[in-house]
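Owing to the predicted nature of the structure, the values given are computational and were not obtained by experimental measurement. Remember, it's 1-based here, ligands and their atoms both numbered in the order they're listed.
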Amino acid sequence: MKLLVTGGCGFIGTNFIRLMLASHPDWSILNLDKLTYAGNRLNLLDLEENEPRYEFVRGDICNRELVMDLLGGKRIDAVVNFAAESHVDRSINDPSPFVATNVAGAQNLMECARQCGTGRFVHVSTDEVYGTLGPSGKFTETTPLAPNSPYSASKAGADLMARAYFETYRFPVLITRCSNNYGPYQFPEKLIPLMYLNAKADKGLPVYGDGLNVRDWIYVDDHCRGVELTLTKGREGQAYNFGGNAEETNISVVRTLLSIVGKPESLITHVTDRPGHDKRYAMDFSLAAEELGFAPTLPFDQGLAQTIAWYEANTTWLEQVQSGEYRTFMDSWYGERA
Ligand code: NAD
Ligand code: DAU
């Protein structure tokens with residue numbers, strides 16, 4: 001099978017490409033990524049240099065001509081769309097790029113795939129489309145969409161467009177909705193890598209509000225397996241929930257992280273809350289368990305220790321993705337076809 005993976009130079013896309021090429025000797029992958037601040041081509045450089053089943057193209061999923069060219073000319077069998085603006089805080093500062101990529105870009109990809117008669121299309125969405133939960137209950141696939149941030153509204157927009165493409169055109173789209181991922185290659189604007197960096201530098205750890213908001217954490221490889229199962233076994237037109245069965249308050253995550261890196265809790269600083277901050281997420285993934293055989297494998301404490309060990313061993317990566325020099329290098333290295 002030849003897959004078009006979009007956003008493959010980001011956190012989850014990088015892990016997905018590595019895992020799929022290692023697990024499926026008969027798969028090849030074309031990675032289309034715009035290389036925004038969150039995309040790092042060096043994540044997969046070893047594959048670019050040594051793996052004939054991997055190919056990289058820099059470009060924008062909003063670019064119709066480019067996407068038509070790739071889908072038409074490269075004999076693509078299926079698409080997995082990870083490309084997105086993914087950070088809630090950035091969406092609060094400026095929603096526009098979120099609408100452009102997450103809604104218009106996703107629609108452009110689906111339209112091009114429909115016109116080219118490409119096979120299955122997995123659209124990677126999020127639990128945040130459901131909004132927020134009170135102290136009990138879990139999101140199911142029939143929970144009404146009620147997004148609260150510009151990020152989650154843009155993701156919900158694409159989910160509804162995917163639904164419409166299935167209902168109107170019988171376009172073979174499937175949706176995955178997953179909870180908070182953690183693991184190697186996560187950009188240090190998200191809770192775990194940001195807190196790790198600050199702790200190592202003995203800087204304050206900025207916990208929003210009272211720190212009692214709850215997230216359900218899933219190790220990134222478990223999410224990637226969920227996307228793989230959706231692609232290979234899912235029902236077209238269906239959305240599937242994925243989660244890690246690991247509900248934790250933010251303050252508890254930060255305390256565990258501090259104990260792993262051996263730094264004091266006095267580094268914790270409570271700062272102004274995020275506007276519209278969702279209180280709690282929890283996923284009922286029984287549909288994915290029953291229909292796809294999905295189950296998360298890594299307990300949170302173990303996964304967190306493994307993730308911190310990865311960051312400890314990859315300080316150069318952390319320095320690189322934060323440096324302006326690296327951005328200039330990325331921009332000059334390869335011309336964007338956008
Ligand atoms: P990320 O920000 O680390 O990576 C996003 C990637 O998309 C980057 O490589 C970026 O360069 C690329 N990109 C952005 N705009 C693009 C465009 N217009 N054209 C082509 N490429 C573009 O994000 P992530 O955390 O890896 O998330 C991947 C997907 O999974 C997103 O759709 C996100 O909504 C979803 N998701 C993330 C999580 C999580 O916890 N991180 C959980 C559930 C779902
Ligand atoms: O739930 C899935 C979503 O998880 C994905 O769809 C998003 O792409 C991904 O970014 C993530 O969104 P969150 O907003 O939950 O992740 P973030 O790491 O930004 O924040 C996790 C929690 O930690 C959240 O309650 C806000 C809080 N937080 C975050 C940061 C960056 C802090 O308290 N301080 C911080 O500095």
Side-chain angles (χ1 to χ4, degrees), residues 5-16 31-41 43-44 57-63 66-67 80-92 97-98 100-102 104-106 108-109 123-130 132 139 147 149 151-152 154-155 158 176-183 185-195 198 204-218 220 223-224 226-227 242-244 248-251 253-254 268-274 277-281 283 321 330 336 338:
V5 171
T6 66
C9 292
F11 162 46
I12 306 173
T14 292
N15 285 286
F16 180 80
N31 174 14
L32 171 64
D33 196 299
K34 185 179 176 179
L35 299 181
T36 67
Y37 76 95
N40 183 358
R41 188 176 171 191
N43 289 354
L44 297 167
V57 171
R58 185 178 189 181
D60 194 327
I61 60 166
C62 300
N63 182 334
L66 168 62
V67 175
V80 180
N81 179 30
F82 289 102
E85 289 295 336
S86 68
H87 193 40
V88 173
D89 294 328
R90 284 180 188 255
S91 82
I92 294 168
F98 288 75
T101 289
N102 300 2
N108 183 54
L109 275 180
H123 176 66
V124 179
S125 187
T126 168
D127 60 355
E128 299 201 7
V129 296
Y130 297 123
T132 190
F139 296 129
S149 72
Y151 163 71
S152 51
S154 68
K155 295 297 290 185
T176 63
R177 296 189 181 130
C178 189
S179 59
N180 285 64
N181 287 220
Y182 67 100
Y185 299 104
Q186 188 166 32
F187 192 81
E189 63 185 352
K190 307 285 164 56
L191 183 74
I192 289 174
L194 177 78
M195 296 295 169
N198 283 17
L205 272 52
V207 170
Y208 298 160
D210 58 13
L212 296 179
N213 302 64
V214 172
R215 297 292 182 265
D216 168 16
W217 294 94
I218 181 171
V220 63
H223 178 197
C224 292
V227 173
F242 296 96
E248 299 278 343
T249 60
N250 294 336
I251 194 77
V253 171
V254 170
I268 295 174
T269 322
H270 287 271
V271 298
T272 311
D273 209 353
R274 175 187 274 175
H277 196 176
D278 289 333
K279 192 68 186 175
R280 177 173 163 262
Y281 305 143
M283 294 302 263
V321 296
M330 275 316 218
E336 184 182 353

For this session: Under 4.0 Å, heavy atoms only, figure out whether ligand 1 is touched by the backbone of N102, its side chain, both or neither.
Result: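 Neither part.
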For this session: Could you see which bit of R177 sits under 4.0 Å from ligand 1, with heavy atoms only: side chain, backbone, both or neither?
Result: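 Under 4.0 Å from ligand 1, R177 contributes no heavy atoms.
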Heteroatom proximity flag, [X] to ligand 2, N/O under 3.5 Å:
X    : result
R274 : yes
C178 : no
W217 : no
Y281 : no
N213 : no
V88  : no
E189 : no
S179 : no

For this session: Check whether any side-chain heavy atom of L66 lies under 4.5 Å from a side-chain heavy atom of D60, and answer yes or no.
Result: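 SC-SC contact between L66 and D60 ruled out.
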Exercise. With side chains defined as the heavy atoms from C-beta onward, is the minimum distance between N102 and E85 less than 4.5 Å?
Worked result: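 Result yes, sub-4.5 Å side-chain heavy-atom pair found.
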Exercise. Can you tell me how far NE2 of H223 sits from CG of N180, rounded to the nearest 0.5 angstrom?
Worked result: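 Going from the CG atom of N180 to the NE2 atom of H223 covers 11.0 Å.
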Exercise. Under 4.0 Å from any heavy atom of A83, which atoms of ligand 1 are there?
Worked result: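 Contacts of ligand 1 toward A83, numbered from 1: 7 (O), 20 (C), 21 (N), 22 (C).
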Looking at ligand 1, is there an atom of it that comes within less than 4.0 Å of some heavy atom belonging to [X]?
X    : value
Y151 : yes
T6   : no
G8   : no

Exercise. Out of curiosity, is M195 lining ligand 2, as in a heavy atom under 4.0 Å away?
Worked result: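 M195: in contact with ligand 2 (<4.0 Å).
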Problem set entry | Per-atom contacts of ligand 2 with H277, taking only distances under 4.0 Å to non-hydrogen atoms |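 So the atoms of ligand 2 that pass are 24 (C), 25 (O), 26 (C).
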For this session: Taking only heavy atoms of L194 into account, list the atoms of ligand 2 that are under 4.0 Å away from them.
Result: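 Atoms satisfying the 4.0 Å criterion: 36 (O).
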Problem set entry | Derivation of the salt bridge (Lys or Arg N to Asp or Glu O under 4.0 Å) call for K279 and D210 | CA-CA 11 Å; K279 192 68 186 175; D210 58 13; 3.6 Å; yes
